[in-house]
There are 2 protein chains.
Amino acid sequence: MATTLHDVARVAGVSFKTVSNVINNHPHVRPTTRAKVEVAIRELGYRPNLTARSLRSGHTGAVTLALPQLSLPYFAELADAVIEAAAKHGLVVLIEQTGADRDRELEVMSSPRLKMSDGLIFSPLELGQADVDLIRADVPIVLLGERIFDSNSDHVAIQNIEASRSATEHLLDLGRTRIAVVGAHQGEVIGSAGLRLRGYREALQARGIPYDDGIVAYVRDWHRSNGAAAMHDLLDRGATFDAVFGLNDTLAQGAMRVLQEAGYRIPDDAAVIGFDDLDETRYSLPTLSTVDPGRNEIAETAVKVLLDRIKNPEGPPRAMKAAFRVVPRESTVGAGRP
Amino acid sequence: MATTLHDVARVAGVSFKTVSNVINNHPHVRPTTRAKVEVAIRELGYRPNLTARSLRSGHTGAVTLALPQLSLPYFAELADAVIEAAAKHGLVVLIEQTGADRDRELEVMSSPRLKMSDGLIFSPLELGQADVDLIRADVPIVLLGERIFDSNSDHVAIQNIEASRSATEHLLDLGRTRIAVVGAHQGEVIGSAGLRLRGYREALQARGIPYDDGIVAYVRDWHRSNGAAAMHDLLDRGATFDAVFGLNDTLAQGAMRVLQEAGYRIPDDAAVIGFDDLDETRYSLPTLSTVDPGRNEIAETAVKVLLDRIKNPEGPPRAMKAAFRVVPRESTVGAGRP
DNA sequence: GACGAAGTTTACAACGTTGAATGAGAGTGT
DNA sequence: ACACTCTCATTCAACGTTGTAAACTTCGTC
């Protein structure tokens, strides 16, 4: 069906290996034969069979990106960034959704499908410190996020604690002292929720403000509806606060919506900040202050580290951190300022 | 490095072909040998090399999904749906972003990378009727959306005209007669914008309401900021209207934000409806009425049609339509009703 | 105890490609 | 004129798998 090296060779009147040599820019191909072959290639519309090439060379030119779910905007934007970063290296990206399901996260690593790619960029949600020994596959792995704290895989981390401390400090600098938190996970320490909560507490502590669990709302998932429900919960409890820290943008937007319904003016009655710098935070009413966790840097670093690891499988695991940045917008500093 | 059929065969004391037979559940394998082989497989942690299998069998078990950009929520949700639909058939999905760039859309089809998959599900944005002859690759293609009107590829379409007419009728049924449109494309006929505008005009005409170009705002892209800018533009022109039809949800949300800033009460002063049924429309303030274009059905149908086409490359192209549904929410019917 | 018909296992070739080794010509220095 | 090098092209084997066909068992039947 498809044309092969042999077909081209027959038309050009050379051996199929010579065609291969032309395609791979081998030295020692006479210009006249090269031209002859190139004509034949164009004539037949020959395209190399990447599967055969992969089998022979041992690598596929693809990487797998495993993440919870694309319909969550954070992961969609992450995937966008990873695809663009991979494209710069001529790699194509194959996406697996784990649905934040522990079994599916484990399955991703053991599935033979993984071998259709040269490596795995993995953003786990359910796997934690206890599962470190299970983080293993027959391709190199780079972990994203800060869910796994101390593993022997390569690792590109969000600076959750530091970024969260900065976000909290931003609110404190504005004179807010009763900062509610939306989106904590009960009992968690190592995951994003735990670390961001820790950054929040550190910021309070540094200013001598006591931590009050009464203005911390716990949720199970980080969807918009959970943010809304958590804020309803806070209001029902009669909690008093002058600021809200949504542990991610989606939660913050859900919370902001409920606050507005309840008659709060933002930022006057309550300043709101999120985390992730989703594109949409620039267009909410008011625009949402947030933290840019360095998404593009994360994607680019992840691809680079993965390629290094593929080239050099041995060597100690590397842990990288992305630079973050607090992004003040109307929900904390009001409409007047830039 | 990795264990192969031969390694397993050596351990089990059989020929490598017998191991292959066990793995492929061939009949006529003695239970005792099967057991022996299975022990060896487990012991060595053998996993089949999918690349070799692909080369031999001629298909890869992957499909390519080409779309403009994952950070656009509509396409993220579409990708989610396609991945899940593909997974049901044991297929993995490889994503290419075209960035709404004509050259990249063309390149996707001619890239040898495409041959790493068995087929292409393609959601073009820039290619139009004039390019029908360019829609061709050495794998089967299924087109999504309604950008290409009359091609000889398989095709799963949104019912843009009909759905848009229904959305408009929904507003008309609420007694609104001055319905502004946000997001038209200048001079377009065949694309989503053109078709949705046509549905809008048909609905007006059916009720004997004249079309007024003065309340139609044109944009270049369908981002939130474009919706906001378009609404600014309408307000600056002094346009009067009692409803707004955003040609997609993102535009509608951008428009809604500007309306609220300008002091409009929604839906009292202006009812707003979008198009796409993005997840986030359920959480805006007010929640956004919209049209569900049948995203899941589109994804599932696309995968099914593609598989049919792979199995049977000949045969006339099929054009399928997904069922749509108007979803009334607060932005048109207010908070009181369900 | 030979014979055919199953059941069971194996050898061989092929998928399309690339690396290593080999061969064929042409040019250079003695 | 001869060995030698250098350029260019070819042959051969291999990557790990599966389909085809052939070979070897086992078993029941006469």
Side-chain angles (χ1 to χ4, degrees), chain A residues 1-41 44-62 112-118 138-139 310, chain B residues 1-38 40-41 44-62 90 112-118 138-139 310:
Chain A
M1 185 69 206
T3 71
T4 74
L5 285 180
H6 292 86
D7 301 324
V8 177
R10 204 173 312 119
V11 170
V14 295
S15 92
F16 78 99
K17 184 63 228 254
T18 300
V19 181
S20 166
N21 289 339
V22 168
I23 286 164
N24 294 284
N25 285 317
H26 268 252
H28 309 323
V29 176
R30 202 196 312 260
T32 59
T33 27
R34 159 162 279 125
K36 223 173 17 174
V37 169
E38 276 167 352
V39 166
I41 286 178
L44 296 177
Y46 168 78
R47 282 196 234 300
N49 179 322
L50 293 198
T51 301
R53 190 177 277 179
S54 295
L55 176 59
R56 182 60 233 238
S57 68
H59 49 83
T60 64
R113 287 196 300 277
L114 194 52
K115 284 300 281 297
M116 288 170 60
S117 63
D118 299 330
D138 29 38
V139 297
I310 289 168
Chain B
M1 187 67 208
T3 70
T4 74
L5 284 181
H6 291 84
D7 301 323
V8 176
R10 206 173 311 118
V11 169
V14 296
S15 88
F16 78 100
K17 185 64 231 255
T18 300
V19 180
S20 166
N21 288 340
V22 168
I23 286 164
N24 294 286
N25 284 316
H26 269 252
H28 309 323
V29 177
R30 201 193 313 258
T32 60
T33 25
R34 159 162 279 127
K36 227 175 11 178
V37 169
E38 277 166 352
I41 288 177
L44 296 177
Y46 168 79
R47 283 194 234 299
N49 179 322
L50 292 197
T51 303
R53 189 177 279 178
S54 295
L55 175 59
R56 182 61 235 244
S57 69
H59 49 84
T60 65
R113 286 197 300 278
L114 194 53
K115 284 299 282 297
M116 288 169 58
S117 63
D118 299 330
D138 28 38
V139 297
I310 289 168

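All chains are named by letter (A, B, ...) in the order of the sequence lines, taking the proteins before the strands, and each is independently numbered beginning at 1.
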Sole residue of Pro48(B), Ser15(B), Ser20(B) in side-chain contact (heavy atoms from CB on, under 4.5 Å) with Leu5(B):
Ser20(B)
Between atom [atom1] in [X] and atom [atom2] in [N], what is the gap in whole Å?
X: Asp138(B); N: dG16(C); atom1: CG; atom2: P; answer: 13 Å
X: Leu50(B); N: dC15(D); atom1: CG; atom2: C1'; answer: 15 Å
X: Lys115(B); N: dG16(C); atom1: NZ; atom2: P; answer: 9 Å
X: Leu55(A); N: dT17(C); atom1: CG; atom2: P; answer: 12 Å
X: Arg47(B); N: dT17(D); atom1: CZ; atom2: C1'; answer: 17 Å
X: Leu5(B); N: dA14(C); atom1: CG; atom2: P; answer: 20 Å
X: Arg10(B); N: dG16(D); atom1: CZ; atom2: C1'; answer: 13 Å
X: Phe16(B); N: dG19(D); atom1: CZ; atom2: C1'; answer: 12 Å

Sugar-phosphate only, base, or nothing, as touched by Thr51(A) at under 4.0 Å among non-hydrogen atoms
nothing
Given [options], which nucleotide is nearest the side-chain atoms of [X]?
X: Asn49(B); options: dT17(C), dT17(D), dT10(D); value: dT17(D)
X: His28(B); options: dG16(C), dA13(D), dG7(C); value: dG7(C)
X: Arg56(B); options: dG19(D), dT10(D), dT17(C); value: dG19(D)

When you check the phosphate oxygens OP1 and OP2 of [N], does a side-chain N or O of [X] lie under 4.0 Å from one of them?
X: Ser15(B); N: dT10(C); answer: yes
X: Arg30(B); N: dT9(C); answer: yes
X: Ser57(B); N: dC15(C); answer: no
X: Arg53(B); N: dG16(D); answer: no

Search all heavy atoms of Val37(B) against all heavy atoms of Val8(B) and return the closest pair with its distance.
O-CG1, 4.2 Å
Flag side-chain contact, heavy atom, 4.5 Å: [X] against [Y]:
X: Thr33(B); Y: Lys36(B); value: yes
X: Val19(B); Y: Val22(B); value: no
X: Ile23(B); Y: Arg53(B); value: yes

For DNA chain D, which residues in residues 17-27 of chain A have a heavy atom at a distance below 4.0 Å?
Lys17(A), Thr18(A), Asn21(A)
Distance-only, no hydrogens or angles: does the Thr51(B) side chain make a donor-acceptor pair with backbone N or O of Leu55(A) under 3.5 Å?
no
Closer than 3.5 angstrom, by distance alone: can the side chain of Thr60(B) be matched with the main-chain N or O of Met116(B) as a donor-acceptor pair?
yes
